[in-house]
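Contents: one structure, followed by commentary.
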Amino acid sequence: MAKKKKSLRKSSPNGRNPNVPAIRRTIQELFEAQGDNSLSVKQIFAKAGIRDKNSRRETMTFLLELEHEGLLKQLRNGHFVNTDPASAAASSGLVGRVDHVNKRFAYVVLDNDTDEEIDDVWVKSEDLMNAIDGDRVEIKFKRGASRGSKPEGKVIKIIERARNEFVGKIEVLPKYAFVVPDNRKIYVDIFVYPEKIGKAKTDDKVLVKIKEWHGGKAKNPVGLVTKVLGKAGENEAEIHSIMAEFELPFEFPKNVEKAAEAIDTEITKEEIKKRKDFRDITTFTIDPDDAKDFDDAISIQKLKNGNHEIGVHIADVSHYVQPGSTLDEEAVNRATSVYLVDRTIPMLPEKLSNGVCSLRPYEEKLTFSAVFEIDDNANIKKKWFGRTVTYSDRRFTYEEAQERIESGEGDFHEEINLLNGLAKKFKKKRFDKGAINFETVEVKFKLDENGKPLGIIPKERKDAHKLVEEFMLLANKHVAEYVFNLNGGKDTFVYRTHDNPNPDKLESFTKFAVKFGHKVTGINHDVSSALNKLMDDIQGKPEQNVLESLAIRSMSKAVYITDPKGHFGLAFDHYTHFTSPIRRYPDVMVHRLLQHYLSKKKSPKAEEYKEICRHTSEREKRASDAERASIKFKQVEFMQSVENKPFEGVISGVTEFGIFVEITETKCEGMVRAASMTDDFYEFDEKNYCMIGKRNKRVFTLGDKVTVMVVATDINRRTIDLEFVELDD
């Protein structure tokens with residue numbers, strides 16, 4: 001065998017295997033037949049029938065040559081994939097969604113089942129084939145092209161449009177009109193013929209539906225106005241714009257309202273007999289001052305053995321909303337209530353959410369409860385789950401409950417202080433086990449009768465808020481553990497899970513924190529302790545809100561799934577959502593499943609629940625994005641009224657386009673554009689997150705305290721332009 005190899009090499013004038021042309025043809029044909037599926041070197045040898053060492057060596061040489069020519073690409077795991085633009089196979093199968101980063105380029109984030117070795121592909125805007133942000137597209141690689149570590153590609157087919165309706169401001173001209181979309185990731189205006197604008201006038205906010213995606217001389221999309229939302233800048237128009245942008249419902253369908261009105265609200269003696277009666281036990285709710293729906297109440301009584309019986313009582317929505325009913329179908333579709341700055345878009349009609357299901361004071365209610373016997377050291381001795389009937393003796397606001405904690409006076413002050421003491425012990429146990437202390441600063445707005453913001457007030461979380469939170473966590477945790485322990489996690493259930501943080505994102509965050517002057521030690525050994533120490537260090541400092549927000553962004557997102565995984569942030573092995581069925585559909589599913597198992601029934605199949613979990617997780621993200629958009633709108637509107645006034649701030653981000661600054665007083669973030677920094681030419685240092693003046697060597701970096709002034713605001717795009725004050729000093 002060895003002699004044969006030697007003679008083969010000698011017979012070739014250039015010292016290469018004479019079978020080289022055949023090997024090269026075989027490789028190219030193999031990849032054309034394979035499509036866009038990657039092949040390992042071992043698979044290439046096997047499929048091409050290449051067995052001897054010499055041919056394998058030549059094959060490796062040609063694989064690398066073909067990669068150099070842009071016909072193949074080697075992935076991170078060593079596999080090769082076809083990238084030949086001339087190959088039909090290379091033009092199919094790579095599918096993903098467009099993330100249009102800016103006017104110049106986008107990423108196509110590939111589907112998980114398309115190619116696990118490539119995360120995303122860099123695409124010039126001119127190569128998007130009129131695809132826009134969110135569209136699902138098919139792409140092919142561009143020969144030998146890449147951007148840094150990202151392969152460069154080109155869209156060859158639009159598989160699915162993300163949406164065909166957009167919100168924006170219309171400009172009406174004599175012969176045509178155009179709509180500028182509010183969405184900052186849409187970089188093209190929508191053309192509208194005069195006969196298709198309805199009653200819209202210049203500067204109106206409108207909802208426009210696309211009829212053609214690339215018509216007209218400018219190849220802009222062509223649409224028609226389907227709804228006039230109002231004059232741009234006015235509260236109703238802007239809030240309606242946000243609702244339309246995120247496809248939130250404006251009202252309940254008539255058949256849903258009719259179904260709600262038909263509900264029998266009477267609590268019969270027969271129904272009470274089926275339940276455990278808590279009506280004579282001290283029970284109250286603690287909620288925000290402006291709350292209208294009360295999901296949860298807490299009962300408390302002292303037992304003869306010296307322990308305390310604490311009941312967490314939750315509105316029994318599942319009693320009134322039956323699976324497959326009109327109300328249920330609408331609740332599934334909405335999946336969650338949405339809380340915008342000036343209104344709530346409820347999951348359930350008002351008769352349910354604010355009426356029959358709401359645990360209002362001095363009313364008997366049907367509830368689903370988690371009841372615990374707890375000693376003075378917050379040890380749980382017994383627990384019970386089941387359907388109950390309750391009566392709320394008092395409706396507390398957080399402020400009223402806090403007064404009783406601080407003063408030790410007022411009605412039910414003993415009960416509230418006992419609960420507060422137990423809550424602190426439960427919290428300590430959570431943190432001892434590795435829970436992470438994330439408490440981002442949220443803001444609320446003081447609005448006038450027209451919705452105009454008169455002030456921005458940071459929300460303050462005090463003991464009363466934490467008291468309620470701890471008992472809700474307690475109920476959620478133990479309900480999940482109860483179902484898991486029934487059959488070792490094999491029974492179908494809806495869990496709320498939170499994966500461990502992505503190491504790369506965590507590393508980026510720690511580098512960020514260091515730029516603010518903080519040490520983050522032991523992050524690779526004990527993430528929870530390291531993050532908690534950092535959270536303690538930044539309390540009360542200007543960069544607190546920035547770093548807390550960045551820390552949360554570095555974490556995995558909590559989702560609903562049927563797999564019994566744990567919750568990293570809370571340090572719970574198993575966790576669910578049981579406590580808010582008025583506003584979250586997963587809680588309704590949890591109530592139904594819990595009762596199913598309490599009734600000793602067999603586990604239902606998981607498939608249906610998996611799909612609803614995926615849907616509700618997506619709806620939750622949509623709600624969160626809409627809520628943030630409404631907050632940003634009010635922040636921009638408020639800052640519009642204080643232009644030319646200096647504010648203290650902290651540099652929260654640095655890009656080549658400019659410097660982001662969070663204003664300390666209002667928690668609003670704006671940008672000082674690089675073009676406005678005219679005292680010098682500033683260069684962006686990407687590695688060190690800073691801008692450096694070429695002549696004066698002045699450095700602007702993360703965490704720097706600065707003074708800025710608002711110079712422009714854009715309500716439509718929800719942006720704030722800032723300038724540094726006394727830049728030359």
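For clarity, every value in this text was computed on a predicted model and none was experimentally measured.
- In this structure, Thr226 contributes its side chain and Lys209 its backbone to no donor-acceptor pair below 3.5 Å.
- The aromatic rings of Trp122 and Phe105 lie parallel to each other, their planes meeting at an angle below 30°, with 60° marking the opposite boundary.
- Using a distance-only test at 3.5 Å, with no hydrogens or angles considered, a donor-acceptor pair links the side chain of Arg163 to the main chain of Glu165.
- Of the options Lys227, Glu234, Glu238, Lys231, a side chain to side chain contact (heavy atoms under 4.5 Å, CB included) to Lys205 is made by Glu238 and by none of the others.
- Residue-environment remark: CD (Glu195) exceeds the threshold of 12 foreign heavy atoms within 6.0 Å.
- Side-chain atoms of Val98 and Ile132, non-hydrogen and from C-beta on, never get closer than 4.5 Å to each other.
- Contact check on Glu607 versus Lys610 returns no salt bridge, with no Lys/Arg side-chain nitrogen under 4.0 Å from an Asp/Glu carboxylate oxygen.
- The aromatic rings of His100 and Tyr187 sit perpendicular, their planes meeting at an angle over 60°, well past the 30° parallel limit.
- Pairs passing the side chain to side chain donor-acceptor pair (under 3.5 Å) check and including a residue from residues 650-662, sequence neighbours excluded, read Asn545-Glu662, Ser652-Glu669.
- Aromatic ring centres of Tyr176 and Phe191: separated by under 6.0 Å.
- Proximity of the aromatic rings of Phe657 and Phe684 is defined here by a centroid distance below 6.0 angstrom, and this criterion is not met.
- If you take NZ on Lys169 and CZ on Arg717, they are separated by 10.5 Å, rounding to the nearest 0.5 Å.
- Going from atom CH2 of Trp213 over to atom CZ of Arg161 covers 4.5 Å, rounded to the nearest 0.5 Å.
- Taken to the nearest 0.5 Å, the NE2 atom of His240 stands 10.0 Å off from the CG atom of Leu340.
- A salt bridge (charged side-chain N to carboxylate O under 4.0 Å, His left out) with Glu620 is found for exactly one of Lys557, Arg583, Arg584, Arg496, namely Arg496.
- The closest side-chain heavy-atom distance from Val137 to Val95 is not below 4.5 Å.
- Panel note: side chain Glu723, backbone Met709; no donor-acceptor pair is recorded below 3.5 Å.
- A search for side-chain hydrogen bond (donor to acceptor under 3.5 Å, both in side chains) contacts involving Asn183 returns nothing, not counting sequence neighbours.
- Of all the heavy atoms in Lys199 and Asp204, the pair that sits closest is O-OD2, 4.3 Å.
- In this model, a donor atom of one side chain and an acceptor atom of the other lie less than 3.5 Å apart for Asp328 and Tyr585.
- In this structure, Lys154 fails the cation-pi test against Phe141, since its NZ or CZ atom is not both closer than 6.0 Å to the six-membered ring centre and inside 45 degrees of the ring normal.
- Listed by first and then second residue, the side chain to side chain donor-acceptor pair (under 3.5 Å) pairs that reach into residues 341-350 are Asn235-Asp342, Glu236-Arg343, sequence neighbours excluded.
- A distance of 5.5 Å separates CD1 of Ile239 from OG of Ser630, quoted to the nearest 0.5 Å.
- Between Ser556 and His498, the side chains place no donor N or O within less than 3.5 Å of an acceptor N or O (distance only, hydrogens not considered).
- To the nearest 0.5 Å, the span separating CG on Asp293 from OG on Ser337 amounts to 6.5 Å.
- Residues Met589 and Tyr560 fail the side-chain proximity criterion, which asks for heavy atoms closer than 4.5 Å.
- Rounding to the nearest 0.5 Å gives a distance of 9.5 Å between OG1 of Thr336 and CZ of Arg622.
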